[in-house]
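The sequence lines fix the lettering, A, B, ..., with proteins before strands; numbering per chain opens at 1.
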Amino acid sequence: MPVQKECPILSVERLNADAISIWLECGELAKAAAVGQFVNIKCGEALLLRRPISICRVEDTRLNVVFEVRGEGTAWLAARSAGETLDVLGPLGHGFTYPEGKVLVVGGGIGVPPMLNTALRAPAGAIACLGFRSAERAMLVEEFQRACEQVYLASDDGTLGVHGFVADIVDAALTEHPEVAAVLACGPRIMLKTTYDVCRRHGVACQVSMEERMGCGIGACLVCACKSADGAYRHVCKDGPVFAAEEVCWDA
Amino acid sequence: MRNVDMSVTLAGMTMKNPVVVASGTFGFGREYGALYPIDELGGICVKGLTFQRREGNPPPRIAETPMGILNSVGLQNPGVDGFIADELPELKKHDLRIIANISGNTPEEYGIMCEKLSAAGVDMIEVNISCPNVKAGGLQYGVVPEMAAEVTEQAKRHSTVPVMVKLSPNVTDITEIARAVEGAGADAVSLINTLRGMRIDVKTRRPVLHQNTGGLSGPAVLPVAVRMVWEVSNAVRIPVLGMGGIAKGEDAAQMMLAGATAVAVGTACFADPFAPLRVRDGLAAIAAEQGLERVSQLTGQVQPW
């Protein structure tokens, strides 16, 4: 069950040129959060819509969100400091489901942070494939290296890890680790699609975390529509954000 | 502070307080019902229903604007039968008035839906002749007085519960439509639906909404809504459910002073899920401060210059 709560900010840290990490004291809200879920945060009085931000980590009652500054709302959030409070609604959405066995977590860009929580809590261990634009835009790599058995890295410009796409390192990881029971992924739509293609070739189940512009964040307003393979619209905030990759209409 | 009687009667339907939630912003009550008992509300205008299930428009369906939002959901809904089978039984477990919002492709479809919903036991039917986001039905019936009247007649003929007609602000003279539906037998009117608007992403040169245009709601539209409620209240004798940008008690009080019998809260729920309850409490506080015994004493009491 989601709750709405004023949550004190414990720390605000810049991870790279675009990404900000905020730790919040969230009480029971944090304890209730499942992997792949998100919180919907009010960004000041002038903006009506809350900003949905995935949960990066949870430590007891403390909850960590990492986001990129993309517009007015996230710029407002980035300007907060420790001691202030944020109006948080959550935990929200349908998250990742762990299979029996090891998982490969896959993240691209700002899709990387939620995969940290997913890796940390994986009951049978995790491997990670992370993609960034460049070494400068990387984040949380050391945290993943501590949480995972092995971390594969790729960057668009070759300044970190493999010079290439996330799907390339997913292919390598699945080849070297046939024991992987499922791939759990978050990132740009094209990355999710190519990751799913690789998974199909390897015969491995794939779950993807989707993005769409949201209104209420709880499933009432029906704006965050995501087309399913069966042609019906499902909603990222309530039916998702995580869907089985085969349920998504990739041609939409 | 004295205890204000918050109950109101809208077209014969008594509600424990004048705050309902606006169609399309509150689903069928399940989601917000996980946050607080929806029994606290006076009523719910359910997500707009159509004769058959609709999938709605492709995304993006929402854009943020100064103190408002644009939406173009396109009446995604399970259809009137799906609502009656799967949602209404759940809603009926709660102590609040159930107002079924309907949109048809033809006057006959409105009639069939009214029959089904009356038999299923909703408390009121809100006839949507003003959805800006679908090509068939909806808005076209809301802009031509004769067509608005025809749909209203059909709805009245096939309903055993009060019929309220939801008016579009996208007209030259809203009182003309209000008088037409009153003449056709409407028991109440609700207004305003959203104002047509557009937002363009200057980098991509694309409209933010996939449908290019959408309906504007939120605090930005409040003054327009108050003005229209005032005009319509002066033009017809049937009661008015006022909505458009209400986010706090003072907004609701303005709407009632302008002539509304009850009010609906919509977009404000997205920013604050508890907005309807805050509106109710704020309204009660204003009525108490002004020494009123009943909140209904605010209705139509604006003192124009």
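- For A/R51, the part sitting under 4.5 Å from any heavy atom of chain B is the side chain, from C-beta outward, and nothing else.
- Using a 4.0 Å cut-off between charged side-chain N and carboxylate O, B/R278 and B/D281 make no salt bridge.
- Contact annotation for B/P58: both backbone and side-chain heavy atoms come within less than 4.5 Å of a heavy atom of chain A.
- Note on B/R53 versus B/E55: salt bridge recorded, some NZ/NE/NH1/NH2 to OD/OE distance being below 4.0 Å.
- Between B/K47 and B/E87 no salt bridge is recorded (no basic side-chain N to carboxylate O distance below 4.0 Å).
- In summary, A/D87 and A/K42 do not engage in a salt bridge, as defined by a charged side-chain N under 4.0 Å from a carboxylate O.
- Note on B/I62, B/N77, B/T267: by heavy-atom pairs under 4.5 Å with chain A, the leading option is B/I62.
- Each of A/T159, A/D18, A/D156 was scored for a side chain to side chain donor-acceptor pair (under 3.5 Å) with A/R137, with one residue passing: A/D18.
- If you tally non-hydrogen atom pairs under 4.5 Å between each of A/L49, A/L47, A/V3 and chain B, the highest count goes to A/L49.
- For B/Y32, the parts lying near chain A are the backbone and the side chain together; criterion is any non-hydrogen pair under 4.5 Å.
- The pair A/R133-A/D157 does not count as a salt bridge, with every side-chain nitrogen at least 4.0 angstrom from each carboxylate oxygen.
- Residues A/L92 and A/I218 have side chains in contact (heavy-atom distance under 4.5 Å, counting atoms from C-beta outward).
- Of all the listed residues (B/L35, B/V208, B/I69), the one sharing the greatest number of non-hydrogen pairs under 4.5 Å with chain A is B/L35.
- Looking at B/D272, the atoms closer than 4.5 Å to chain A (heavy atoms on both sides) sit in the backbone and in the side chain alike.
- Of all the listed residues (A/G73, A/G231, A/C221, A/G217), the one sharing the greatest number of non-hydrogen pairs under 4.5 Å with chain B is A/C221.
- Most heavy-atom pairs under 4.5 Å with chain A, from the set B/A247, B/A268, B/G218, B/G68: that is B/G68.
- Contact of B/T65 with chain A is not made at all, since no heavy-atom distance falls under 4.5 Å.
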